[in-house]
Amino acid sequence: MTRVLAMANQKGGVGKTTTAVNLAASLTATRRRVLLVDLDPQGNATMGSGIEKRSLERSVYHVLLGACPLVEARQTSAAGHYDVLPSNRELAGAEVELVDLPHRETRLKDALAPILEQYDYVLIDCPPALNLLTVNGLCAAQAVLIPMQCEYYALEGLSDLVQTVRKVREHLNSELEIEGLLRTMYDPRSILAQQVSAQLVQHFGDKVYRTVIPRNIRLAEAPSHGLPALQLDRQSKGAKAYLALAGEMLNRPVRETTIG
Ligand code: ADP
Ligand code: MG
């Protein structure tokens with residue numbers, strides 16, 4: 001069965017895209033068939049996978065508007081060996097254009113349906129907002145992966161996200177659960193990070209991944225080469241951390257959800 005996961009957090013800069021790209025590369029390295037969907041008009045996951053966003057003939061934008069089937073917009077990342085449904089700034093207009101279309105919340109889900117069984121994992125990189133694009137991501141997904149930095153306001157923002165997940169579950173996608181919370185850019189020497197991390201575990205229990213992603217220069221550099229960290233420097237702490245995350249996901253038993 002295909003597992004569809006949305007990387008979501010309305011805060012920008014918490015590691016959604018870094019997680020989507022590097023998890024896609026890591027799952028591919030463990031022989032899973034992966035599709036990465038870039039749902040952010042910034043197109044960072046597209047570029048980070050080595051695909052030039054400025055020269056796309058077809059993108060996720062056309063797919064959401066029903067202008068072409070997903071297979072016509074899909075590309076393969078030569079760098080990461082996984083498939084990508086790419087995005088660029090054209091997608092910024094989709095929000096407004098989608099509003100008047102039927103099934104506006106489930107257009108990504110409907111577009112994915114015919115090709116779903118070609119993949120073991122579909123990873124959706126959501127934009128930093130709780131908007132209609134993110135709602136499309138949440139409707140298409142079975143579960144949400146929440147990357148977060150362990151800093152002072154992190155927990156506050158989390159309650160809005162959990163609230164949105166709950167609403168989507170009530171009205172649009174009854175199977176949606178929280179897959180896990182991922183601590184990113186973690187500095188173990190920071191007392192604050194330790195405290196926030198402890199609160200997180202207290203509140204969300206084993207929904208918090210045991211794997212922690214450290215702050216690592218290779219993870220920050222890799223996008224400028226259009227490569228996942230695994231392809232840039234296999235021995236880097238960042239690449240190893242995302243391989244460990246993939247391992248933890250694959251070995252995790254399916255558990256009951258408790259959100260909020
Ligand atoms: P988001 O998609 O949530 O906006 P990104 O994944 O784009 O966040 O990350 C924001 C910035 O932080 C990017 O410049 C990225 O390269 C960098 N970054 C992300 N994770 C790490 C990490 N573990 N170590 C170092 N830099 C990171
Ligand atoms: Mg991003």
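Just so it is clear, the values below take in all heavy atoms, side chains as well, and ignore hydrogens, waters and symmetry mates. When a ligand or atom number is given, it counts from 1 through the structure's own listing order.
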Under 4.0 Å from ligand 1 - residues by heavy atom, chain and number: Gly12, Gly13, Val14, Gly15, Lys16, Thr17, Thr18, Met185, Ile213, Pro214, Arg215, Asn216, Leu219, Ala220
Quick check: does Thr17 have an N/O/S atom under 2.8 Å of the Mg ion (ligand 2)? yes
Over all heavy atoms of both residues, which pair between Ala45 and Asp38 is shortest? Give the atoms and the distance, please. N-OD2, 3.5 Å
Less than 3.5 Å apart, any donor N or O on the side chain of Tyr186 or Gln149 sitting next to an acceptor on the other? no
Is the closest basic N to carboxylate O distance between Lys207 and Glu179 below 4.0 Å? no
Asp125 and Lys16 ion-paired at < 4.0 Å: no
Is a donor from one side chain sitting under 3.5 angstrom from an acceptor on the other, for Gln118 and Arg74? yes
Report yes or no: do Leu65 and Leu56 belong to one cluster of Ile/Leu/Val/Met/Phe/Trp/Tyr joined by side chain heavy-atom distances under 4.5 Å? no
